[in-house]
Structures are given as structure tokens and as C-alpha cells.
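The next block holds one structure in the form of C-alpha cells; read it before the comments.
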Amino acid sequence: MLRVRFAPSPTGFLHVGSARTFIFNWLYARHNGGTMILRVDDTDVERNTEASLTSIFEGLSWLNLSWDEQYRQSERLALHRQMAEAIFATGLAYRDFTPAHEGDSPKPIAVGPPLSRPGEPAPKPTEGARQGGGAWLFNPGAREISREESDRRAAAGEPFALRFRVPREPERIIRFNDAVYGEQAKSTADIEDFALLRSDGMPTYHMASCADDADLRISHIIRGQDHLTNTFKHVLIFEAAGAALPQFAHLPLLVAPDGTKLSKRKHGPVVSVTTYRDAGFLPEAFVNFLCLLGWSPKNDQTMMSRQELIGLFSLEGINRANAVVNFKDVVVQPLSPPVVALPLKALGGPPLSLPGLERQGGGFLSSEEMFDPKALWLNAEHIRALPLDDLSQRLLPVVREAGFNVLPEYMLRITPLVRERIKLLKDVLTVADFFFVDQLPPYNPAELIPQKGDAAMALKALKKAHEVLANLPAADFKHDTLDANLRAAAQELKLKAGQMFQPIRVAVCGRKNAPPLFETLEVLGKEKTLARIEQAIGKVQ
RNA sequence: GGCGCUAUCGUCUAGGGGUUAGGACGGAAGAUUCUCAAUCUUCAAACCCGGGUUCGAUUCCCGGUAGCGCUACCA
């Protein structure tokens, strides 16, 4: 029975790296008909918050990801302690009565004899941490305390941490096979006596995680590569507890353009899944994008539906090198002097604004700056692949949230005009804004003047257009009729099509770049069209 | 410092002892159109360095370098 788990610790919003880890686990389970388990690793009471847990659920639900079983580590503490005690009973763990944090790195007080190899001199304590090489033996005296003394002090109520007694003499080579990174080996001389239980009785991550993985019969542990070296400790725990070793598969890390691990603290909103949701990514596109970081179907496919991903996914397709999420460094490194936000490319409207993404010194980051261009492209691809009514339904809430009370039927008519022009759902606000308002926001009248023309030409075109369109029954405000009439008018005025159409476009849309004119007029309707042309005439005069 | 991992166009990646080193994004140029977008065509762009093994290495081995990760009573 194949069983995989995703085990987030609720210490912040859902991280894109975590989301990808979930997805890979989920894909593996769904591909093989296995069981997907969500386990909340909340043993760190200091840092866990319920708000964080809520945000993780929110993120997963937006991505439309499902799981079959759910657990919470804080409800399974008895199990963890039980397994820790079982290990203690075998002699493979010992009580360390050193007060908490007194032995923490890098304070030199903990030095003691490092686990130096024969022949290597031990470093002097004053030299600081680990200069002699090898792993650190925490609080060396603690390991040697007799069982009698240990029992006595414990019975007296003295607090202690439980540490794993890593085999020292003879030193052993711990081995495991990783589905992605291959055969792994490490000497016990390089593994420190790590803690199993804290002095308050709470299990550490290593203990809780292994106890649960064993108890829940997890068959495959698919997780970030930052756990690769921890795995040796886990192998030790599994062994000591007499549990079967699961198959490990470590995933390359998601890194920032500067190569460092993506972190909430350093890279802020660009690592939060909610940022992508709020910016108007389609969940299916975002999942697609995440899958392409560190995994390949090896068949040159880039755009994949969820079903295709499930069908194509395999551990063999996972890459070993870290993958860069290619956002612009300005996101994390405020520029000085401050730079004005770039407008969205090709879209006349204001740049995308999202909370937390204000640029230092004012302005907002554009979507091209904060998102990986491939993510943007993939999102556009998925948008274009959506049926019109589906896309329209997803656009509607975005528009309404921006304060425009648009009817579903109207949205459906606008949708085909924006479908090929937006990369993010939110782009609809800058691409189709003129459909939503009664009054066009102010624009530069000079825009009304066509190529190789002057104000007189603009005026002539606008007046003629108004005349022609006014004579058209509202029912004839259809693409073909508009096309025929306006072209005829252009010919009559001896204007090129573009020279005729641009003034009208600017009059109606308030900018030069917009969806095709006749479709636009058709959707906008006779009344608004004429009103806007009249206003434009006023501006030119 | 110690240990582990990694290294193909700017980015995501395919490939693998002999290839014009493939694809995608992004970039450039052109076609098309009433603008924009979409679409189509074309172009530029990569095997970290040094040794070995071999008739032949980008590919296998070793070393170096660089990057990353771990090295907590965090996860």
C-alpha cells in the first residue's frame, strides 16, 4: 500500500516550495492509486499559529488539492514519547540534564571533546565551535552519566532532554537509497547526538516525524532536499525503533535568483501562494508551473492539465539541481534611488497593486517584475485554453471585487475580447476597464490624433464616425455592419483605415491599445459609443 | 570549520562516449491585422575548470572551483 504525506509546520503562510512538495506527493499518490496524508507538524508551540494553519488550508483549497487522511502531531504526543522511551529502554538514548540552550551552537562552552578521528588533535575550547572537524558531541559528560545517577536525578524531578546515543566506537557508516539522489552514506562520526525529547517533554521534529511516519506506515517520504542530511538521523531512529525504512525521495530546492533558498523572511510575498492567487493566477496554471521546477516529463511538454500531470508524473523525472524562481531582484532589494513602477506592458492602466508589494519610495511592482515570466506565460496559456463561459465566471468576481457591478451576461460578452490579452485574471481590470465605467477617466487628447495626421483629421474622422453611427439603428451595432459602414466612411474621407479607426478607438477606450474596434463598439453599444465620441470631439476642438 | 548535495543557453529543462547538444520561457527580427494581443517564420544564446580512462569525452572516474543545504531542547 503506497502512502505519502505532506507535513507542513504552521509557522506562516503556505510557501510555494511547500505547495510544490504537496503537489509532488499528491501526484505520486494519485498516479499510483496511493493514499495522500496531510499531517500538521505542530510540535513547536512557540512558533505555531492557528492563523498560519488556516492560511495553509486556504492555499491548498485554492489549488484544489485533496488528501485522504489528516493528522495533527500535537494530538499524537503520547505516541512520540512512547517511541522515544522505547529507544531509551534499548540504551540507544540517554538523558541530558544540561540546562536548555547552554550547549547550543555556536557558543564554545559546549565544546568538550569533539568527535575527532584518531590522530586528529582535539581543538582547544577557546577556538570556538567545531574547529577540529567532525560532529559535535553535546554536553559530553551527559552521555557518560551512569544509569543509576540518571534514574535518580530523573526521579528527583530534574528536567532533562533525551538524546540519541549515536554509535561512536566503532564508527558506523549509515546508508540509505534516495529515489532522486541515489545511494547516500555518512559516518556516525559526523552525526551529533541529536535530541529526541526536549526538557519539557515535547518531542523534537526528528522524533515526532519518525514516530508518525512509522506509525502511519508512510511508504514514501517525498520532501525538500534540506532534509537530505537529516535523513541519516532518521535512519538511526527507524532502526532503533525497529521500524521499517520508508523509501526516501528528496526534492531539489526552490531558490531565489541569487541562488539562496526561498525564504519567507527574505523574499516576502513572492514566496506566498496567496500572492499568486490574489494576482489572478489560475490554480491549474500555477500547479503546472510548480511542477516544471525540478521535474520534467521528458517529452518536451510544458503545458499540462492536472490529469496529464498525474499520468506523466514519476520520481525518475525529478531533477537534482536547485531550481530558480525567476522574479526580479527588485522585489527583495529596494532600489535607491527609488524607481517609478513600470506600467504593465502594453496595458495602459495602472500597474498591478497588491498589498505588501509597494516599491520603496512609492509605486508598485509590475507583474513582470514579481513573477517568473514562464509562470505568466503558462497562466496566459491556461486562460486561453479555458472555455469562454468558464473564463467569464472566473473573471466576474475579480471585476466585482474591484468595485464594478457587472452583470454575468455582460461579462460573457467582454470575455472573448480580453481572453488573448491577459496574462493574469487581474489584467482584465486594465485591459477592459472602459467597459465597466460610464465616464472614461481623463486621457491625453493628443492620442486622438492619428498617425501622419493632425487635429483636423482627427476631428473630421470623429465627426464622420458620429454621423454614420448615429444613423445606424442600435440593433445594427454589430461587427459586420460597423465594419462596412466605418470603412466606407474612411474611404469617403480618403483616410486610411488606421487613420479613421484610431481616433474612434481612443475616443471610446481612452487609449491607443485596445481590443479590436468593431467588437468593442458592439459590446459597448450605440449609446455609450456616441456619447464618448461626442466627448472626444469636444476635446479636439 | 565539518559533512552532504549540485553544476547543459539569462531562466526552466532534454540528452548522453561519436549529435548541426533538442524543447520551452524570455530577447531580437520579420509576416499578419484597424492598434494591442494572439498566431506564424527566422535569428542570437549553453555542456564550470583541470587531469585521467578511451581511437574519441559535454557524457565515465578523480581533483579543483563555485553554489546550495545540514550542522538547535526550529521544522
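- For the pair A:Arg163 and A:Tyr94, the cation-pi test (distance below 6.0 Å, angle within 45°) is failed.
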Dump every N/O contact between nucleotides 41-47 of chain B and the protein below 3.5 Å, one line per pair.
none

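- For B:U54, there is no paired base (Watson-Crick or G-U wobble, both distances below 3.5 Å).
- Here A:Pro515 lies in heavy-atom contact (under 4.0 Å) with a base.
- Partners of A:Asp372 according to the side-chain contact (heavy atoms from CB on, under 4.5 Å) rule, which considers only residues two or more places apart in sequence or in another chain, are A:Phe289, A:Asn326, A:Lys374, A:Ala375.
- Using a 4.0 Å heavy-atom distance criterion, A:Phe518 is classed as a base contact.
- Nucleic acid contact class of A:Gly224 (heavy atoms, under 4.0 Å, all strands): none.
- For a distance-only test at 3.5 Å, the side chain of A:Lys374 qualifies as a donor-acceptor partner of the base of B:A24.
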List, with names and distances, any nitrogen or oxygen atoms from the protein found under 3.5 Å away from nitrogen or oxygen atoms belonging to nucleotides 60-70 of chain B.
{"residue": "B:C68", "atom": "O2'", "partner": "A:Asn322", "partner atom": "OD1", "Å": "3.0"}
{"residue": "B:G69", "atom": "OP1", "partner": "A:Lys261", "partner atom": "N", "Å": "3.4"}
{"residue": "B:C70", "atom": "OP1", "partner": "A:Lys261", "partner atom": "NZ", "Å": "3.2"}
{"residue": "B:C70", "atom": "O4'", "partner": "A:Thr229", "partner atom": "OG1", "Å": "3.4"}

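- A:His250 comes within contact range of no nucleotide atom at all, as no heavy-atom separation falls under 4.0 Å.
- By the salt bridge (charged side-chain N to carboxylate O under 4.0 Å, His left out) test, A:Asp178 is found to be paired with no residue, residues two or more places apart in sequence or in another chain being considered.
- Mapping A:Val324 and A:Ala195 onto RNA chain B by nearest heavy atom places A:Val324 closer to the 5' end of the strand.
- One P atom belongs to B:C55, the other to B:U13, and the distance between them is 37 Å to the nearest Å.
- For A:Arg419, no side-chain nitrogen or oxygen approaches OP1 or OP2 of B:A38 to under 4.0 Å.
- In this structure, A:Glu519 does not pair ionically with A:Arg505, as no charged nitrogen and carboxylate oxygen lie closer than 4.0 Å.
- Between A:Asp193 and A:Arg165 there is no salt bridge, since no side-chain N of the basic residue sits under 4.0 Å from a carboxylate O of the acidic one.
- Scanning for salt bridge (charged side-chain N to carboxylate O under 4.0 Å, His left out) contacts around A:Glu75 gives an empty result, with sequence neighbours left out.
- Nucleic acid contact class of A:Thr302 (heavy atoms, under 4.0 Å, all strands): sugar-phosphate only.
- Across all strands shown, nothing is found opposite B:U20 as a Watson-Crick or G-U wobble partner with both distances under 3.5 Å.
- Under the salt bridge (charged side-chain N to carboxylate O under 4.0 Å, His left out) criterion, A:Arg175 pairs with no residue, sequence neighbours left out.
- Partner assigned to B:A28 is B:U42, using Watson-Crick or G-U wobble distances below 3.5 angstrom.
- Counting non-hydrogen atoms under 4.0 angstrom, A:Leu293 reaches the backbone sugars and phosphates but no base.
- Side-chain contact, A:Thr188 with A:Glu171: no donor N or O sits under 3.5 Å from an acceptor N or O.
- One can find a donor-acceptor pair under 3.5 Å joining the base of B:C36 and the side-chain atoms of A:Arg421.
- Rounded to a whole angstrom, the distance from the C1' atom of B:G67 to that of B:U53 is 28 Å.
- Within the 4.0 angstrom heavy-atom criterion, only backbone atoms of the sugar-phosphate kind lie near A:Asn319; the bases stay farther away.
- In this structure, of B:G26, B:U6, B:C73, it is B:U6 that holds the atom nearest to the side chain of A:Tyr181.
- Contact annotation for A:Arg320: backbone-only contact, meaning every heavy-atom pair under 4.0 Å involves sugar-phosphate atoms and none involves a base.
- A:Asp212 is linked by a side-chain hydrogen bond (donor to acceptor under 3.5 Å, both in side chains) to A:Gln73, A:Arg76, A:His80, counting only residues two or more places apart in sequence or in another chain.
- To the nearest whole angstrom, the two C1' atoms, one in B:A72 and one in B:A14, are 41 Å apart.
- The distance between atom CG of A:Leu292 and atom C1' of B:A14, rounded to the nearest whole Å, is 12 Å.
- Backbone-only engagement by A:Gln184 is indicated by non-hydrogen atom pairs under 4.0 Å involving sugar-phosphate atoms exclusively.
- Only the C1' atoms considered, B:U71 is 40 Å distant from B:A45, to the nearest whole Å.
- The residue A:Lys298 sits close only to the backbone: its heavy atoms come under 4.0 Å of sugar-phosphate atoms, none of a base.
- Between A:Arg487 and the phosphate of B:C34, there is a side-chain N or O to OP1/OP2 separation shorter than 4.0 Å.
- Within the nucleic acid shown, A:Ser209 has no heavy atom closer than 4.0 Å to any nucleic acid atom.
- Under the Watson-Crick or G-U wobble criterion, with both distances below 3.5 Å, B:U35 has no partner in any strand shown.
- Take A:Asp300 and apply the salt bridge (charged side-chain N to carboxylate O under 4.0 Å, His left out) test, not counting sequence neighbours, and it matches no residue.
- Within 4.0 Å of A:Pro516, counting heavy atoms only, lies at least one base atom of the nucleic acid.
- Among the heavy atoms of the strands, none lies under 4.0 Å from A:Glu447.
- Nucleotide B:U59: unpaired (no Watson-Crick or G-U wobble partner with both distances less than 3.5 Å).
- Annotation: side-chain hydrogen bond (donor to acceptor under 3.5 Å, both in side chains) contacts of A:Ser199 (sequence neighbours excluded): none.
- For the pair A:Arg39 and A:Tyr71, the cation-pi criterion (under 6.0 Å, within 45° of the ring axis) is not fulfilled.
- Nucleic acid contact class of A:Ala514 (heavy atoms, under 4.0 Å, all strands): base.
- If you take atom C1' in B:U65 and the same atom in B:C49, they sit 7 Å apart, rounded to whole Å.
- For B:G23 and B:A46, the P atoms lie 14 Å apart once the distance is rounded to whole Å.
- A gap of 9 Å separates the C1' atoms of B:U59 and B:G15, to the nearest Å.
- Distance check on atom C1': B:C70 versus B:C12 gives 26 Å, rounded to whole Å.
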Stepwise side chain to side chain contact (heavy atoms under 4.5 Å, CB included) test for A:Phe477 and A:Glu522 | CA-CA 5 Å; A:Phe477 244 67; A:Glu522 178 178 334; 5.6 Å; no
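- Nucleotide B:G4: paired with B:C68 (Watson-Crick or G-U wobble, both distances less than 3.5 Å).
- Mapping A:Gly294 and A:Ala497 onto RNA chain B via the closest heavy atom, the residue that lands nearer the 5' end is A:Gly294.
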